[in-house]
Amino acid sequence: MNSKEKLIFHVDVNSAFLSFEAVYRLQHGAKVDLRDIPSAVAGSQATRHGIILAKSAPTKKYGVKTGEAIWEAKRKCPHLVIIPPNYALYMCCHHSLVELLKGFTDRVQVFSIDECFIDMSGVIEADQSVETANLLRERIKKELGFTVSIGISTNKLLAKMASELKKPDAVSTLFPEEIPEKMWPLPVEELYMVGRATSFKLHKMGIDTIGSLAKCDLNLLKYKFKSWGKLLWDYANGIEDSSVSSANRETIKGIGNSTTIHFDVEDKKTAYQILLSLAETVGMRLRFEGLCCRVVSISIKKADDLTSYSHQLKIQSPIDSTTAIYEYCKQLFDEAWKGEPIRHLGVRVSDLSPASHVQLSMFERDWEKQKKIDRAVDQIRTKFGPGSIFRSNFLWTGLAPLEGGLSDDAAFPVMTSIL
DNA sequence: TCTGGGGTCCTAGGACCC
DNA sequence: TCTGGGGTCCTAGGACCC
């Protein structure tokens, strides 16, 4: 291997949410390790959030998959122990992991709540990489209590693919020269960025393994998949060269909140209230980021077939006020809703710009006053908690006045197609 | 009795302008 | 009114990730 090449580790927490729970419970006197029994972290069925978020290795043996409905999982695994999620705990575990990694190098890129890349180029030599990764793996296990899989290679894509090779509690390499042997025999859907739609099309073309995708004619892929084809071909060949970015976060492109309501919404008034609760959190997050938006969109998921549709609007002058966002949401909802029962509603803002550049349009409502109210409410919520103040129209409705994750929970930079 | 919630990027089509 | 092209902006939807 060329010494000028980069050396990247991908650190992936095994069954993250479930491991975090297991460790926490053991630390608090639990006799059973959740990782040793059929168990899963899942939302509440009563509020229709009942899907599997993470599962133990024994659960996996029953064929239970992440994202599956609880009732489906229980059909496969009747004695499944269900644990409700505790995101605050997971954030703590996440921060501990990041801190530990920063002890090795400051070039740490947080990729998700349970995945990080670290750039070890120049820190160690390539021939020390497995040894170092094992050291890191052991330290995490000893100090934090959970296991990780570490992948090693010369770029982020290969490091990520490497960490998938052996789980749990393992270190694997996938250097470019190992691609034919280790990556090409894998089913094509194992390749990062090959999801359901793409793998279906690839199989139809007779491309079943990553190797066969790698050897496929690039022009054919470009013809069939447009720009996506080039990405697929590159990834199948291990080509990717983005850098490990230790910046806290990429520039935010949009902020959204959405929620599955625990009953079907069939009237406009209820829908409005949910939109308001979503707009409240979206607005607050927008203002905390010091941003304004020029696009507001809503999404509606139908109760009967779970399909969804959306409607959006571009506005002339950027806004950051909850009321303004809410007013546009109502308008969008009225234009879009066809009257069918609703299971899920979402509010999202995009086309963001710094709040300081905002000029209020003369023709729009007096939102200067509204801004002051927003600011005051934000301050009270920051100081006394999100539940300390809410709009009186939520009283007695049984609806949450604030819907969706605030601050940290939602602050995850999610990956783009360019790693 | 019932499938979450947070993101990013790309594309196609229509409106509109030159 | 016919013909055509190029470009931008906006919107809806779909792909993917964790």
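First the proteins, then the strands, lettered A, B, ... as listed; each starts at 1. Everything numeric here is computed off the predicted structure, so don't read it as measured data.
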Give a yes/no on whether any side-chain N or O of [X] is located under 4.0 angstrom from OP1 or OP2 of [N].
X	N	value
R348(A)	dT8(B)	yes
R196(A)	dC16(C)	no
T259(A)	dG5(B)	yes
T260(A)	dG4(B)	yes
K301(A)	dG4(B)	yes
S258(A)	dG4(B)	no
K160(A)	dC18(C)	yes
K253(A)	dT8(B)	no
N257(A)	dG6(B)	yes
K226(A)	dA15(C)	no
H344(A)	dG4(B)	no

Between [N] atom [atom2] and [X] atom [atom1], what is the distance in whole Å?
X	N	atom1	atom2	value
E189(A)	dC17(C)	CD	P	11 Å
Y235(A)	dC17(C)	OH	P	11 Å
L231(A)	dC9(B)	CG	C1'	11 Å
L232(A)	dA15(C)	CG	C1'	11 Å
M193(A)	dC18(C)	CE	P	8 Å
Q312(A)	dG14(C)	CD	P	14 Å
D305(A)	dC2(B)	CG	P	18 Å
L53(A)	dG6(B)	CG	C1'	12 Å

State which of [options] makes the closest approach to the side chain of [X].
X	options	value
S112(A)	dT8(B), dT11(C), dC18(C)	dC18(C)
H311(A)	dA15(C), dT11(C), dC18(C)	dT11(C)
I51(A)	dT3(B), dA15(C), dC10(C)	dT3(B)
W71(A)	dC18(C), dC2(B), dT8(B)	dC2(B)
H49(A)	dG13(C), dG4(B), dC10(C)	dG4(B)
I252(A)	dT8(B), dA15(C), dG13(C)	dT8(B)

So what does Q45(A) hit on the nucleic acid, given a heavy-atom distance under 4.0 Å: a base, only sugar-phosphate, or nothing? sugar-phosphate
Assign G43(A) to base, sugar-phosphate, or nothing according to its heavy-atom contacts below 4.0 angstrom with the strands shown. nothing
Is there a Watson-Crick or G-U wobble partner for dC18(C) with both distances under 3.5 Å, and which nucleotide is it?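 When the pairing criteria are applied, dG5(B) turns out to be the nucleotide that pairs with dC18(C).
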Comparing L306(A) and T251(A) on DNA chain B - which has the more 5′ nearest nucleotide: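 The residue mapped nearer the 5' terminus is L306(A).
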Please verify the inter-ring angle class for F17(A) with F20(A); under 30° counts as parallel, over 60° as perpendicular, anything in between as tilted. tilted
Taking the six-membered ring for Trp, are the ring centroids of H94(A) and Y90(A) within less than 6.0 Å of each other? no
cation_pi(K156(A), F117(A)) dist<6.0 Å, angle<=45: yes
Is it true that R35(A) and D33(A) make a salt bridge, defined as a side-chain N closer than 4.0 Å to a carboxylate O? yes
